Amino acid sequence: MQAKMSTPALQARDYKSGVKPIWCPGCGHFAVLAAITRSLAYLELPREEVALISGIGCSSRLPAYVDSYGFHGLHGRALPLATGLKVARPDLNVLVTGGDGDGFSIGGNHFLHACRRNIDLTYVVMDNRVYGMTKGQASPTTAPDWAASKMTPHGTGVRRFQPAAIALAAGATFIARGYSGDPKGMTRILAEAIRHPGFSFVHVLSPCVTFRPDQRSWKTEVHPFPADAGNDPVEAARRIHADDGMGLGIIHAESLPVWPARQETETTLAAIEKEFLV
Amino acid sequence: MQAKMSTPALQARDYKSGVKPIWCPGCGHFAVLAAITRSLAYLELPREEVALISGIGCSSRLPAYVDSYGFHGLHGRALPLATGLKVARPDLNVLVTGGDGDGFSIGGNHFLHACRRNIDLTYVVMDNRVYGMTKGQASPTTAPDWAASKMTPHGTGVRRFQPAAIALAAGATFIARGYSGDPKGMTRILAEAIRHPGFSFVHVLSPCVTFRPDQRSWKTEVHPFPADAGNDPVEAARRIHADDGMGLGIIHAESLPVWPARQETETTLAAIEKEFLV
Amino acid sequence: MNLEMPTMETGSISLAITGSGGSGAVTAGLILLEAAAKSGLYGLMMRSAGPQIRGGESLSLLRLAGSPVACMDDHFDLLLGLDWHNAGRFAQEIPLHASSLILSDPAIGAIPDTFTAGGAVVRGLTFKDRAARVDGGRLNMVAVGTAGALCGLPQDMLALAADEILKAKGPGVVEAATACVAQGYALATEHDVPATKPTHSTLARWNISGNEACGLGALRGGVRFVAAYPITPATDILEWLGPRLEQLGGLLVQAEDELASINMVIGASYGGVPALTATSGPGLSLMQEGLGLAVASEIPVVVIDVTRGGPSTGIPTKPEQSDLNVALYGMHGDAPHLVLAPLDVRDCAFTTQWAVRLAEHLQTAAIVLSDQSLGQTRAVTDPAKLPGIPLQRVTEPSPASDYRRYALTADGVSPMTLPGTKGGMYTADGLEHDAFGIPSSLAADHHQQLDKRRRKIEAFDFGSDWAELRGDGKLCLICWGSSSGATFEAGERLLADGIAIRVIALRLLAPLRSDALAQALAGVEKVWVVEQNHSGQLYHYLRSYGVLPEDAHSLAKPGPIPLRPGEIIEAVKHG
Amino acid sequence: MNLEMPTMETGSISLAITGSGGSGAVTAGLILLEAAAKSGLYGLMMRSAGPQIRGGESLSLLRLAGSPVACMDDHFDLLLGLDWHNAGRFAQEIPLHASSLILSDPAIGAIPDTFTAGGAVVRGLTFKDRAARVDGGRLNMVAVGTAGALCGLPQDMLALAADEILKAKGPGVVEAATACVAQGYALATEHDVPATKPTHSTLARWNISGNEACGLGALRGGVRFVAAYPITPATDILEWLGPRLEQLGGLLVQAEDELASINMVIGASYGGVPALTATSGPGLSLMQEGLGLAVASEIPVVVIDVTRGGPSTGIPTKPEQSDLNVALYGMHGDAPHLVLAPLDVRDCAFTTQWAVRLAEHLQTAAIVLSDQSLGQTRAVTDPAKLPGIPLQRVTEPSPASDYRRYALTADGVSPMTLPGTKGGMYTADGLEHDAFGIPSSLAADHHQQLDKRRRKIEAFDFGSDWAELRGDGKLCLICWGSSSGATFEAGERLLADGIAIRVIALRLLAPLRSDALAQALAGVEKVWVVEQNHSGQLYHYLRSYGVLPEDAHSLAKPGPIPLRPGEIIEAVKHG
Ligand SMILES: Cc1ncc(C[n+]2csc(CCOP(=O)(O)OP(=O)(O)O)c2C)c(N)n1
Ligand SMILES: Cc1ncc(C[n+]2csc(CCOP(=O)(O)OP(=O)(O)O)c2C)c(N)n1
Ligand code: SF4
Ligand code: SF4
Ligand SMILES: [Mg+2]
Ligand SMILES: [Mg+2]
């Protein structure tokens, strides 16, 4: 995908649809929406050549708020849907948006395999460490002792899911972390992610003001990801495993062949039918 | 779980059931079956207190060949089934066996979440880098250029799934690799894995003689895993990411609380019913 | 001003309370319901909300009566507007009649035309002003006082209820609320409040939601393991069960997805612990493969499906009875199993408990079809009844040396060993197998196991709980699950109108008790099959068994609004 | 020795070839079938194997005839034993009659009693010795020569076929095979071979399996994207399509699981590329949620279900027609969609192609119910026909400014924009929505979209391909999919017996063409519904629509062995 670098014809607001978000006032997802439209405007991507694909969750409602093509699919299945679309229509810019529950709980398997495939998608996960839409249960990224949900009255007791570490182990070629309290940084990361040829994973810390008011403290906890992103996965692994999960920036970027490799057209349907003639 | 260390009452052969394996002569899974029965005998586990749970695949047929309780469940769903069993019956020794397709393709999400949970299960994956049972398609661990399956006539073009790296990133507390050509090493690893309190993942290189005759070369490719297993996940991450996937031995072992923590019984059904009385 | 209200003696009172985020429409409803309960009444409360997660408009719908009620009435007698932002969105959910009363404070803005168009009587009351007289006073609590007075609820019961519902918020809040209730009460007595008082039942009653009742039924049935994944509108069951299971020595596991939930449940049940999961349509779809495994490997499991509007993601917060087909036929292959549906909020406890017991005894999967209109409705009701038969799992504690896990028994139930049982080792399997459980593709084994799995279910004596039967007219209404409340009430009204009518409410949907149903239908000439879906799923299902008379009609109306008795009467009289 | 064999003129010849791993029973069958094809005949070949992945016993079943055949016969005329290890396991699959001929070399061991018990004639022939006369000679090729001669196949056609099937193994193998065939042919001519020669058809014919035919139908229908996960017995479709899709500029993606497959297919189709997946029961169960999304968001997708024995993992290598229920009713909510079933091997191409075209035009999900007995059977057949109507997706290339993706059109089909189309941007959704696609929980939107999604399917003119109709008797056999071959043949034999009979083979199962079916049933007094499952799924489905006469019976027999014409005749005559 090539971004045209002339004077922007469309402003970020032109990428907003008329649909009013259902989000709670103050929800972190608003900032993600804004950063996405800003990065699309910055890259001058024609709206009709952009497709936003999502699953189910507060975060997954995002595509309807962008004036582009979109698909609000099934809980956890945004990545395969986007994969099918991108294979069928390599000319489109396909972004995938969703939440931590959608992407790391029910959708965990597709996350692994999308990272491996290195298809040219940009995957933005708005991580609020909770299931917002179903009113406040623990997600895979929730701390083990968070006991505010009656479904897990003493906390899950389960180690947190480490998105960046998993993405790296699974083979993702671009990994970054943004924070909805840092809209500029997030816009920059998103533009880089969209430009990256191959699979790019953008982990966004996006607080849920309703079920995780404690996440207000994030603004004091985030910090730049230690040292510049290298392209050495071994070193990246060491750094990611040592990080506290709050490091912002581009964590890892390497250049590898984009999937799928195209094969040449070689035959016709008529020729195929002949195989069966006796 | 406590292994009794007195004179063995049962021999390995006593743990074999009368059911004849459907496996091809020479299949690596035979050696895994033997190593499992040997480790059970070594640990002197009463047969009726052992349960082997599996999914679907050649490898997943294993439980029926062991004279213990067993469940040959659904493709990819052995880990959740075993999780339910172990939570309900903590007194049992629950082993999970399966293949690379079962565990890393369709079952990938459960693998992630079982590693995170650190429930006291032993998970043995017989990796032959192919779908044996469905006659030879690529699995997640197959090399991207393996073109012997017509489903992927030019190879998958997808990076190999790295079981140990994923397990570590997901939080597994015990990770080891065995090889069916090294039955002694495998038996030792299995005994350690069963003893390990919490989730233990044993990745076994188990060749498919029918669809991957090339795997004969494995015997020259395996080597001890570099350096002793530490319990530092950051260092483990570096070493695993640097390994070629053929290193045998215990790769990582750390001691963390086993899930689930038990809560005390506090009430009666009658007391609960009273909540509703007006 | 003359406030004419129906009374509990003559029937029931229906009221709707609407307001936008934070206006307290739900709290007001909960307090009124609890006050009615404490006053010895029965009642129901449903809630509805806009699309926002928080801060959107919301609606409480109440019906209070001197005897049990199981559905909303056709119209609302009273509409309380706490404010009117976006209230118009609820217009379809709040049908009014010409003598309905709308109470509102003119100070909070104009009442949308859609409510007044039908001629409802509007009364302006100074709620806002009254609330301002109380330190920390809130308009919704004043309205509670007025509405309570109009419904004939004693003021002290309103105060007691307010205390109970608000006590978690601290004594200051309770105090302010009580003072506001008094203000509201006074406001009502300044007008002509009907003198009638409700008849007070002195029987023990419950204030319970359908989802809570499902949870209770599960515990009563012996469930001590639950694995589940949150989904609207089933999550409340899980949130209710989570802490309580732990207190009873069990556990609720929040699984990574529904595929995991159902398989965890199978694993726990294989280990001998009665196990259950709860979900809604999308989750039920994902569980079909697991359910088929439970059927084939003969492991008891129970799934509660709190149905929402379908298909696909559909309308997550609204009811529909459109998952009957998938519950009956969603598994691949021939997979006989149980499908049950609670008939009302209270029956959620009985039906779930019965389902657990049946699944345990019959070693199969049971699907309980609740829906949003039962699950998230709160009822003041008599306590739920208990199933008669103390069924339990048929185990084999001391297996003989030729023990066969899948033995071909006369009743089709093969005694099972639990792990830990010496000499009873076997491998459960979803592959077709012989009596020992060893995989087999022989026709004889397949046919014998298919026959057995059908026989154990078909031949079982389910007793009389398969349905509730009322009346003996030649005209018959057949309904199931949540459509039963409105159907029974339609039947009663038709009877009162002199139309001899029969109502059959099906609780056990699979296996269909065709013989018993045929008997219950003896003498019937015309049938209406009443249900809340688009394609007439029960209607077609019953026809597929040939149990309906020629003159059988489908009254199928999809969600999102539950059926009302009047619609049924309309169809029967003119359809 | 007098070898009496039926001839192609009088009907067909059926032969079974059995042997253990490596004995070449399958290769022998493939060569005989291809030789028959080259001789201008028609035929079928099924295969069966033991539980081992490799090296177990295997069985080829052939039926050769002068005109098209679509099922196996009741008995086998000829049984060739290449060896007898474990052959007894196949006894049920190889019914013999008293004049069946068993050919075997006494040198390879005794014939199991189970084959000889019925009185079949046993002839010992020196296959082994003859094979030894050839350098690199193999017993199976000698047997091919003898069997070919007995069936009246010219020796040069056998040689040609052997060359074609074995050429990949190198010229040495072909040479040895040809020499062995000559030996076997000579062995037969030493005995009294029937002089009759088959009638040679000069029409173009295909040698094709049902799975290949499904693949071809998909390509003909325009499918250029496939995402799938391997599963027996559907994998062959995928393995056939994989390389060919690439050659046509499309792609097959091997997905991580079936949840991914169906969603990938939806994504590709949303992008405008006709897309399909193939699976079997367990995978179909997992795809239900995705199918529901396709229905609700109105994205065309096609799923081929090559059914195997159920429920659960069941009997993966054997056929059954037990996925009709899940195909019809497996989605939660009211989700109208298409279900089709090919009637024979050849029809797999037509039906799949038609399904793709219908799904594309109607913007919905189509499920094609093939099964193992079609998919893995190889047929020599006339080329498949092509659907008459050139349907295609109704798109909107230049949307107006008020473009509504889910517009309420008269025929229910809403023109769709494809990504890339300026001004046509919309968000597809599985949430209920209004005409613009914006989520809505209003009753009006829900009812309108439900109506529309039903209308576009129910009101569509499917033409005459919904079924194949034969005869006009008062006695009627209704069948569907793979049971049609045996049912048609039973019908022909009954007719030959003077019983006026009618056969209706349903290709389109949903929407049920009730009116057309009622018309096709006009004058019928008695019906048998024939299908290969345990619970009579079609029978109940037809009854649910009230289209069957009073005197309607179910002839439902589960797998693993396909129905034979004689069983159907038996039931009709004495049932
Ligand atoms: C198959 C299925 N299971 C469960 C649900 C219910 N559900 C809807 S959104 C959601 C979780 C959303 O959490 P997340 O992805 O973190 O998004 P957030 O709301 O926090 O932004 C769940 C469990 C569903 N829609 N479908
Ligand atoms: C839901 C589902 N999808 C697909 C299959 C078909 N299937 C059976 S085994 C298998 C792959 C087995 O591969 P692996 O786990 O690596 O085991 P192996 O046979 O190589 O030991 C597949 C795809 C199935 N049984 N169920
Ligand atoms: S519930 Fe949380 S995630 Fe959802 S909209 Fe509200 S603040 Fe955002
Ligand atoms: S196919 Fe491969 S994995 Fe399966 S039994 Fe044979 S050798 Fe083993
Ligand atoms: Mg979240
Ligand atoms: Mg494998």
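Since the structure is predicted, the reported quantities are computational estimates derived from the model, not experimental observations. Within every chain, numbering begins at 1; the chains are lettered A, B, ... in the order of the sequence lines, protein sequences first and strands thereafter.
- For the pair B/Pro80 and C/Leu259, the minimum side-chain heavy-atom distance is 4.5 Å or more.
- Residue C/Glu164: no heavy atom, backbone or side chain, is found under 4.5 Å from chain B.
- Contact detail for B/Leu92 and C/Pro419: the closest heavy-atom pair is CD1-CB, 3.5 Å.
- Heavy-atom distances place no part of C/Ile262 under 4.5 Å from chain B, backbone and side chain included.
- C/Ile266 contributes atom CD1, which lies 6.5 Å from atom CG of B/Leu74 (distance to the nearest 0.5 angstrom).
- Heavy atoms of other residues, nucleotides or ligands lying less than 6.0 angstrom from NZ of C/Lys385 number more than 12.
- Under the 4.0 Å criterion applied to side-chain N and carboxylate O atoms, C/Lys422 and B/Glu49 are not assigned as salt-bridge partners.
- Legend: residues meeting salt bridge (charged side-chain N to carboxylate O under 4.0 Å, His left out) with C/Arg357, ordered by chain and number and at least two apart, are absent.
- Counting heavy-atom pairs closer than 4.5 Å to chain C, the top residue among B/Glu266, B/His72, B/Arg116, B/Arg47 is B/His72.
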B/Glu273 and C/Arg220: CA distance, side-chain angles, deciding distance, salt bridge (charged side-chain N to carboxylate O under 4.0 Å, His left out) verdict: CA-CA 9 Å; B/Glu273 296 195 359; C/Arg220 281 181 164 183; 2.6 Å; yes
Test side-chain contact (heavy atoms from CB on, under 4.5 Å) applied to B/Arg61 and C/Leu431, step by step: CA-CA 11 Å; B/Arg61 290 280 192 140; C/Leu431 276 171; 3.6 Å; yes
Test side-chain contact (heavy atoms from CB on, under 4.5 Å) applied to B/Tyr69 and C/Leu418, step by step: CA-CA 9 Å; B/Tyr69 283 90; C/Leu418 301 182; over 6 Å; no
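- Looking at C/Tyr270, its side chain does come within 3.5 Å of a backbone N or O of B/Gly70 through a donor-acceptor pair.
- For the options B/Asp91, B/Leu112, B/Thr83, B/Leu277, heavy-atom pairs under 4.5 Å to chain C are most numerous at B/Leu277.
- A 4.5 Å side-chain heavy-atom check between C/Trp206 and B/Val278 finds every atom pair outside the cut-off.
- In terms of heavy-atom proximity, C/Phe225 sits nearest to B/Gly84 at CZ-CA, 3.9 Å.
- When each of C/Asn263, C/Val265, C/Ile438, C/Asp429 is scored by its heavy-atom pairs under 4.5 Å with chain B, the top score falls to C/Asn263.
- Neither the backbone nor the side chain of C/Ala227 comes within less than 4.5 Å of any heavy atom in chain B.
- Residue B/Pro63 comes nearest to C/Thr427 through the heavy atom pair O-OG1, 3.6 Å, listed as atom of the first residue, atom of the second, then distance.
- Shown here for B/Arg117 and C/Ala255, the closest heavy-atom pair between the two residues is NH2-CA, 3.8 Å.
- With contacts defined as side-chain heavy-atom distances shorter than 4.5 Å, the pair C/Trp240/B/Ile272 qualifies.
- Between chain B and the options C/Gly420, C/Pro439, C/Gly430, heavy-atom pairs under 4.5 Å are most frequent for C/Gly420.
- Smallest separation of non-hydrogen atoms from C/Gly271 and B/Leu85: CA-CD1, 3.4 Å.
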Stepwise salt bridge (charged side-chain N to carboxylate O under 4.0 Å, His left out) check, B/Glu275 with C/Arg244: CA-CA 11 Å; B/Glu275 290 177 31; C/Arg244 289 164 185 84; 2.5 Å; yes
Full working for side-chain contact (heavy atoms from CB on, under 4.5 Å) between B/Arg77 and C/Leu293: CA-CA 11 Å; B/Arg77 315 295 167 209; C/Leu293 176 65; over 6 Å; no
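- Proximity to chain B (any heavy atom under 4.5 Å) is shown, for C/Thr421, by both the backbone and the side chain.
- Interface remark: B/Ser54 contributes no atoms to any contact with chain C (heavy atom separation under 4.5 Å).
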From CA spacing to verdict: side-chain contact (heavy atoms from CB on, under 4.5 Å), B/Phe276, C/Leu216: CA-CA 10 Å; B/Phe276 298 115; C/Leu216 181 62; 4.0 Å; yes
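- For C/Ile208, the parts lying under 4.5 angstrom from a heavy atom of chain B are both the backbone and the side chain.
- Contact between B/Leu269 and C/Leu248 at its shortest, heavy atoms only, is N-CD2, 3.7 Å.
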